[in-house]
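Data first, discussion second: the structure below is written as structure tokens.
Residue numbers start from 1 in every chain, and the chains themselves are labelled A, B, ... in the order their sequence lines are given, proteins ahead of strands.
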2 protein chains.
Amino acid sequence: VDRPVSGAALTKDEARITVRNVPDQPGTSFGIFSSLAAKNVAVDMIVQNVGAGGTADISFTVPEGDLKRAVAAVESAVAELGGGDVSHDSNVAKVSIVGLGMATQSGVADRMFRALAEESINITAITTSDIKVSVLVERPRMTDALRAVHREFELDRPPHERSTF
Amino acid sequence: VDRPVSGAALTKDEARITVRNVPDQPGTSFGIFSSLAAKNVAVDMIVQNVGAGGTADISFTVPEGDLKRAVAAVESAVAELGGGDVSHDSNVAKVSIVGLGMATQSGVADRMFRALAEESINITAITTSDIKVSVLVERPRMTDALRAVHREFELDRPPHERSTF
Ligand SMILES: C[C@@H](O)[C@H](N)C(=O)O
Ligand SMILES: C[C@@H](O)[C@H](N)C(=O)O
């Protein structure tokens with residue numbers, strides 16, 4: 001499998017919610033995401049980095065049409081959990097690269113990051129699985145971001161015509 | 001597809017590196033991850049949450065045997081990028097749930113979070129894709145974490161015997 005990346009995707013009708021300074025203890029994530037499930041809000045990307053000082057920050061994306069309902073659900077969940085600050089941003093787009101070959105090759109994510117850096121596109125969040133790397137960028141840059149990734153991974157060419165490294 | 005989760009996995013020979021307060025600007029992620037690719041360090045999970053005040057934090061996991069080399073690479077990358085604090089922790093394990101059905105069902109991640117909360121297992125980082133949710137937990141809790149997830153999603157039963165909701 002020469003091609004670590006077989007495709008790229010753009011998700012644009014999402015909004016991001018960030019919950020900062022919530023208690024970094026068992027039950028916090030459950031409290032937040034069960035409040036969303038209870039309101040039938042579909043959550044796409046979830047990102048939590050390691051906390052500090054007893055608190056942590058969690059971000060996630062929801063369909064833009066659900067934003068108001070999601071923010072309300074999370075604000076009351078956070079109040080019940082002991083505190084935290086809820087903010088949101090609709091001016092986002094998610095750009096992903098996907099590929100089965102990615103799981104066994106290093107240097108794939110950094111190629112995506114280079115492609116975006118070369119276009120001066122800021123990466124505002126990152127989440128990965130073994131076959132996928134997703135980043136959030138500002139929505140005005142989404143088309144440039146997708147194009148940069150297509151170019152980097154030669155996705156506009158049929159697979160047999162792409163370079164091998 | 002009744003079963004949103006078809007399996008769970010534990011990854012335990014990994015260590016986490018966190019880079020805090022790096023410039024939240026194009027080129028930072030590329031600078032960090034290209035320094036690792038240059039040293040042939042395989043990176044597994046990457047997590048970046050939304051930054052604040054012009055800086056952001058990025059965490060990632062590497063094979064435990066590569067930790068020393070990875071930390072050295074990242075420390076010099078960070079110095080070149082303008083600053084940041086590098087820390088690391090080997091006392092981690094990654095627990096994941098996987099399932100094709102997850103992409104179209106809400107409430108799957110929160111069931112995983114509930115299962116861990118009920119065992120008082122703290123979630124130290126979260127990353128997701130449409131078919132996978134991965135969390136970092138403290139290594140001493142990894143077996144409890146895997147068992148809790150197995151129970152929650154009835155993974156010890158053959159698929160046709162599992163509850164439908
Ligand atoms: C921050 C949040 O993930 C918390 N650590 C929990 O376990 O729920
Ligand atoms: C923090 C880091 O992701 C930075 N925003 C970048 O684009 O590289």
Between the OG atom in B:Ser129 and the CG atom in A:Asp130, the distance rounded to the nearest 0.5 Å is 7.5 Å
About how many Å separate CD of B:Gln48 and CG of A:Leu136, when rounded to the nearest 0.5 Å?
9.0 Å
Any idea which heavy atoms bring B:Ala109 and A:Ile46 closest together, and the distance?
CB-CD1, 3.9 Å
Group every Ile, Leu, Val, Met, Phe, Trp and Tyr by side-chain heavy-atom contacts under 4.5 Å, then state whether A:Met102 and A:Leu116 land in the same group.
yes
Determine whether B:Val19 and B:Met45 fall in the same hydrophobic cluster, where Ile, Leu, Val, Met, Phe, Trp and Tyr are linked whenever their side-chain heavy atoms lie under 4.5 Å apart.
no
CD1 of B:Ile131 to CD1 of A:Ile131, rounded to nearest 0.5 Å, is 4.5 Å
Is chain B contacted by the side chain of A:Asp24, its backbone, both, or neither, given a heavy-atom distance below 4.5 Å?
both
Largest heavy-atom contact set with chain B, pairs under 4.5 Å, which of A:Asn40, A:Thr124, A:Val43, A:Ile58
A:Thr124
Where the side chain of B:Asn49 meets the backbone of A:Asp57, is there a donor-acceptor pair that is under 3.5 Å apart?
yes
Quick check on A:Val41 against chain B: is it the side chain, the backbone, both or neither that has a heavy atom closer than 4.5 Å?
backbone
What residue, out of B:Val135, B:Val133, B:Ile32, B:Thr127, has the most heavy-atom pairs lying under 4.5 Å from chain A?
B:Thr127
Kindly indicate, with the supporting measurements, whether the criterion side-chain contact (heavy atoms from CB on, under 4.5 Å) is fulfilled by A:Arg20 and B:Val50.
CA-CA 10 Å; A:Arg20 292 202 189 272; B:Val50 179; 4.0 Å; yes
Can you tell me how far the OG1 atom of A:Thr128 sits from the NZ atom of B:Lys132, to the nearest 0.5 Å?
8.5 Å
Supply the atom-to-atom distance A:Thr28 OG1 to B:Ile123 CD1, rounded to the nearest 0.5 angstrom.
9.0 Å
Looking at B:Gly51, B:Gly31, B:Ala42, which makes the most heavy-atom pairs under 4.5 Å with chain A?
B:Gly51
Need one label for B:Ile121: side chain, backbone, both or neither, based on atoms under 4.5 Å from any heavy atom in chain A.
backbone
If we define contacts as heavy-atom pairs under 4.5 Å, which of A:Val98, A:Asn122, A:Val108, A:Val47 has the most with chain B?
A:Asn122
Consider only side-chain heavy atoms of I, L, V, M, F, W and Y, link residues closer than 4.5 Å, and tell whether A:Leu10 and A:Val92 are in one cluster.
no
Tell me whether A:Val5 is reachable from B:Phe33 by hopping between hydrophobic residues (I, L, V, M, F, W, Y) whose side-chain heavy atoms are closer than 4.5 Å.
yes
Taking every non-hydrogen pair under 4.5 Å, which of A:Gly27, A:Ala37, A:Ser29 racks up the most with chain B?
A:Ser29
With a 4.5 angstrom heavy-atom cut-off, could you sort out which part of B:Ala56 is near chain A: side chain, backbone, both or neither?
neither
Distance from A:Arg111 atom CZ to B:Phe30 atom CZ, nearest 0.5 Å?
11.0 Å
If you count heavy-atom pairs under 4.5 Å with chain B, which of A:Ser120, A:Gly107, A:Ser134 comes out on top?
A:Ser120
